[in-house]
Amino acid sequence: MTDPISLPRTRVADVLAGRVAPGERAVLKGWVRTRRDSKAGLSFINLHDGSCFDPIQVVAKNELPNYEEEVLHLTSGASCVVEGTVVESPGRGQSVEIHADAVHVVGLVEDPETYPVQPKRHSFEYLRTVAHLRPRTNTFGAIARVRHTLSQAVHRFFDERGFYWIHTPIITTSDAEGAGELFRVSTLDLLNVPRTEEGEVDFSEDFFGRNAFLTVSGQLNVETYCQALSDVYTFGPTFRAENSHTSRHLSEFWMIEPEIAFADLDALAALAEDFLKYLFQVLLEEREDDMAFFAERIEPEAVTRLEQFVESSFERMTYTQAVDILEAADRKWEFPVGWGTDLQSEHERYLVEEHVGRPVVVTDYPKEIKAFYMRQNDDGRTVAALDVLAPGIGEIIGGSQREERLEVLDQRIREMGLDPVDYGWYRDLRRYGTVPHAGFGLGFERLIQYATGMANIRDVIPFPRTPGSAAF
RNA sequence: UCCCGCGUAGCUCAGUUGGUUAGAGCACCUGACUGUUAAUCAGGGUGUCGUAGGUUCGAGUCCUACCGCGGGAGCCA
């Protein structure tokens, strides 16, 4: 007899989508969601294999040789292989079902009473404590598929437009990027740290012979390839050691950073808009079942706001205009509004959620509150920076045109209290055939949050890392 | 790091101005019923009330510290 495990698998998605005609044989492999017994001599098993949102209904009759001993003991989470025939379902709730002529139990649930993922509503907080089992729930299965689809769409978008994917390093030795606190990468013995004659830690004894960290951004590195391949992007893990306890910060997250040559801020804004619209369009088309679930159970506007997003053009305003709007607002601010100070969360929320009601692009910020590499505008007081703000999340994209003029860049580095000597290879790009260029960073998890309506960023990445928490 | 909140059964939660033996739903088991689909109905047992102190005749309830979690702020994507 053939081992049922080795039989070719029919995906639930193919059966439910009608790609397997009624009357055809099928072998389903998956995990039990629920089992309902009928005294008419049959059991209904909802079998899930992750290929789509819905499980498939398996009808198992008591004529099966192992009905009493095994089928009746299947509980949520148990795995099995079902051989049977695809049949149009006489019951409501599904178009087709599987009439089983064999149910092979592969793995039972050891103690059904304490199985952590029961077929009921769990809190997300609780499910984080069983991160190894939460992908078996509707929500986390849907998020996994959305995450995959968006990842693929990111690469497809850039590939279709001639961008090259550059694998920028995870380990960096430039500790002056100024994008946040860094995780140190070291093999030094913490209990016996080598010291210099001055008593400082001697990093020349360390693995790389110098200070090393996990990257906080691939931007500086990807700029080098931009200055040779024109249109490039990075997409990979990024690390911030900030002690942030919020629903939109992770210590380890994924970031997408395109960089385009011979381009200014307007071109960058257009790219950001095309990019987001493309991603959401793909999501609406390819993950219709999962998005319907998010709209039904997580965020009622999940689908409609993406549809509107794809249809409408971005609202654009300068930082100066934004400050004018905030100052004119009939509102008491916890933090004062004034030209020259950064926009606070309450300010961004007002602009996005109340004043405009959809994502907003804010451009041309005061140079004092932005990074050294952003291109100085002709007014001498602002830089060509751009933030895309989204309702409920805040900053989803941050970017800028880069300073391509060496003398201006050096001046900005010094103004920030930094030393041009530390930026040798970055300055070289301005010495050898410099061109205007621009780029932005998109937090992938924040994109997923916005797309699905999930409130906490820890629930849109499989194994979240946050301060004090790196289980699993 | 700062501010606020929470911690009671495997899970989700209730528990009054401090007062006898700690409550419900889900899950699980048994039975009834049923082409069922969050099935329904009846029955069954369940706890270091986060930890350690303190106040009190008496603490799940009040106080202190600590631990854990969550929300907000800052920082940012």
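Here is how names work: the chains are called A, B, and so on, in the same order as the sequence lines, proteins then strands, and each is numbered from 1.
- Within 3.5 Å, no donor on the side chain of A:H122 pairs with an acceptor on the base of B:rC11, nor the reverse.
- Atom CZ of A:R35 and atom C1' of B:rC29 are 12 Å apart (whole Å).
- Nucleic acid contact for A:H99: base, since at least one base atom lies under 4.0 Å from a heavy atom of the residue.
- The separation of B:rG18 from B:rU56, taken at their C1' atoms, amounts to 9 Å, rounded to a whole angstrom.
- Using a 4.0 Å heavy-atom distance criterion, A:S89 is classed as a base contact.
- As a whole-Å value, the separation of A:F440 CZ from B:rC76 C1' is 17 Å.
- B:rG70 atom P lies 15 Å from atom CZ of A:R248, rounded to whole Å.
- Using the Watson-Crick or G-U wobble rule with both distances under 3.5 Å, B:rC66 pairs with B:rG50.
- Mapping A:P116 and A:G441 onto RNA chain B via the closest heavy atom, the residue that lands nearer the 5' end is A:P116.
- As rounded to whole Å, 16 Å separates atom P of B:rU1 from atom NE2 of A:H249.
- At a cut-off of 3.5 angstrom, the base of B:rU12 holds no donor-acceptor pair with the side chain of A:E125.
- Distances shorter than 4.0 Å separate some side-chain N or O of A:R128 from OP1 or OP2 on B:rG70.
- Rounded to the nearest Å, the gap between the C1' atom of B:rG44 and that of B:rG7 is 29 Å.
- Base pairing of B:rA9: no nucleotide in any strand meets the Watson-Crick or G-U wobble criterion (both distances under 3.5 Å).
- At whole-Å resolution of the value, CG in A:L74 and P in B:rC29 are 12 Å apart.
- Only one option out of A:F235, A:Y450, A:F253 pairs with A:F444 in a ring-ring contact (aromatic ring centres under 6.0 Å, His included); it is A:F235.
- B:rG31 is paired with B:rC41 under the criterion used here, namely a Watson-Crick or G-U wobble arrangement in which both key atom distances are under 3.5 Å.
- Among the protein residues, A:F335 comes within range of the sugar-phosphate backbone only, with heavy atoms under 4.0 Å from sugar or phosphate atoms but none that close to a base.
- When each of B:rG74, B:rC76, B:rU34 is scored by its nearest atom to the side-chain atoms of A:T246, the top-ranked nucleotide is B:rG74.
- In this structure, A:R358 forms no cation-pi arrangement with A:F314, as its terminal cationic atom is not both closer than 6.0 Å to the ring centre and no more than 45° off the ring axis.
- Following rounding to the nearest Å, A:R36 (CZ) and B:rU40 (C1') show an atom-to-atom distance of 13 Å.
- Under 4.0 angstrom from either OP1 or OP2 of B:rU36 there lies no side-chain N or O belonging to A:R33.
- With a 4.5 Å cut-off on side-chain heavy atoms, A:L351 and A:E346 do not count as touching.
- Here the P atom of nucleotide B:rA38 and the CD atom of A:Q94 are 10 Å apart, to the nearest Å.
- Spacing between B:rG50 and B:rC69 at atom C1', rounded to whole Å, works out to 10 Å.
- The listed nucleotides are B:rU1, B:rC76, B:rG74; the one nearest the side chain of A:H245 is B:rU1.
- Between B:rG25 and B:rU46, the two P atoms lie 16 Å apart (nearest whole Å).
- Comparing B:rG58 with B:rU40, their C1' atoms sit 45 Å apart, to the nearest whole Å.
- For the P atom pair drawn from B:rG5 and B:rA9, the interatomic distance equals 23 Å after rounding to whole Å.
- Separating the CD atom of A:E334 from the P atom of B:rC2 is a distance of 17 Å, rounded to the nearest angstrom.
- Only the C1' atoms considered, B:rU61 is 15 Å distant from B:rC6, to the nearest whole Å.
- Checking B:rG18 for Watson-Crick or G-U wobble geometry (two distances, each under 3.5 Å) identifies no partner in any strand.
- If you check every strand for non-hydrogen atoms under 4.0 Å, A:S123 touches sugar and phosphate atoms only.
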> Could you walk me through whether A:V232 and A:F158 pass the side-chain contact (heavy atoms from CB on, under 4.5 Å) check?
Replying inline: CA-CA 8 Å; A:V232 297; A:F158 287 128; over 6 Å; no
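- Shown here for A:R331 and A:Y350, the closest heavy-atom pair between the two residues is NH2-CD1, 3.6 Å.
- If you check every strand for non-hydrogen atoms under 4.0 Å, A:L250 touches a base.
- With B:rG71, B:rA39, B:rG35 as the choices, the nucleotide that has an atom nearest any side-chain atom of A:R458 turns out to be B:rG71.
- The residue A:S247 sits close only to the backbone: its heavy atoms come under 4.0 Å of sugar-phosphate atoms, none of a base.
- One C1' atom belongs to B:rU12, the other to B:rG47, and the distance between them is 16 Å to the nearest Å.
- Remark: the A:S244 side chain and the B:rC75 base include a donor-acceptor N/O pair separated by less than 3.5 Å.
- In this structure B:rA73 sits in a base pair with B:rU1, meeting the Watson-Crick or G-U test at under 3.5 Å.
- Using a 3.5 Å distance cut-off with no hydrogens or angles, the side chains of A:R402 and A:S400 do pair a donor with an acceptor.
- Remark: A:N243 is not in phosphate contact with B:rG74, judged by side-chain N or O atoms under 4.0 Å from OP1 or OP2.
- Across all strands, A:V59 comes closer than 4.0 Å to base atoms (heavy-atom distances).
- Looking at which nucleotide of RNA chain B each of A:L42 and A:S345 is closest to, the 5′-most match is held by A:L42.
- Across B:rG35, B:rG70, B:rA73, the shortest atom-to-atom separation from the side chain of A:F44 is found for B:rG35.
- Among the candidates A:R248, A:R134, A:R147, the single residue satisfying the salt bridge (Lys or Arg N to Asp or Glu O under 4.0 Å) test with A:D459 is A:R134.
- Closest to the side chain of A:Y126, out of B:rG35, B:rA73, B:rU12, is B:rU12.
- Within the structure, every side-chain polar atom (N or O) of A:R240 is placed at least 4.0 Å from both OP1 and OP2 of B:rG74.
- Contact annotation for A:E257: no contact, since no heavy-atom pair falls under 4.0 Å across all strands.
- Nearest heavy atoms, A:I260 versus A:C226: C-SG, 3.6 Å.
- With a 6.0 Å cutoff to the six-membered ring centre and a 45° limit on the axis angle, A:R161 counts as a cation-pi contact of A:F157.
- In this structure, A:L447 reaches neither bases nor backbone, as no heavy-atom distance under 4.0 Å exists between it and the strands shown.
- Among the protein residues, A:N456 comes within range of the sugar-phosphate backbone only, with heavy atoms under 4.0 Å from sugar or phosphate atoms but none that close to a base.
- Phosphate proximity of B:rA73 to A:Q344: absent, as no side-chain N or O sits under 4.0 Å from OP1 or OP2.
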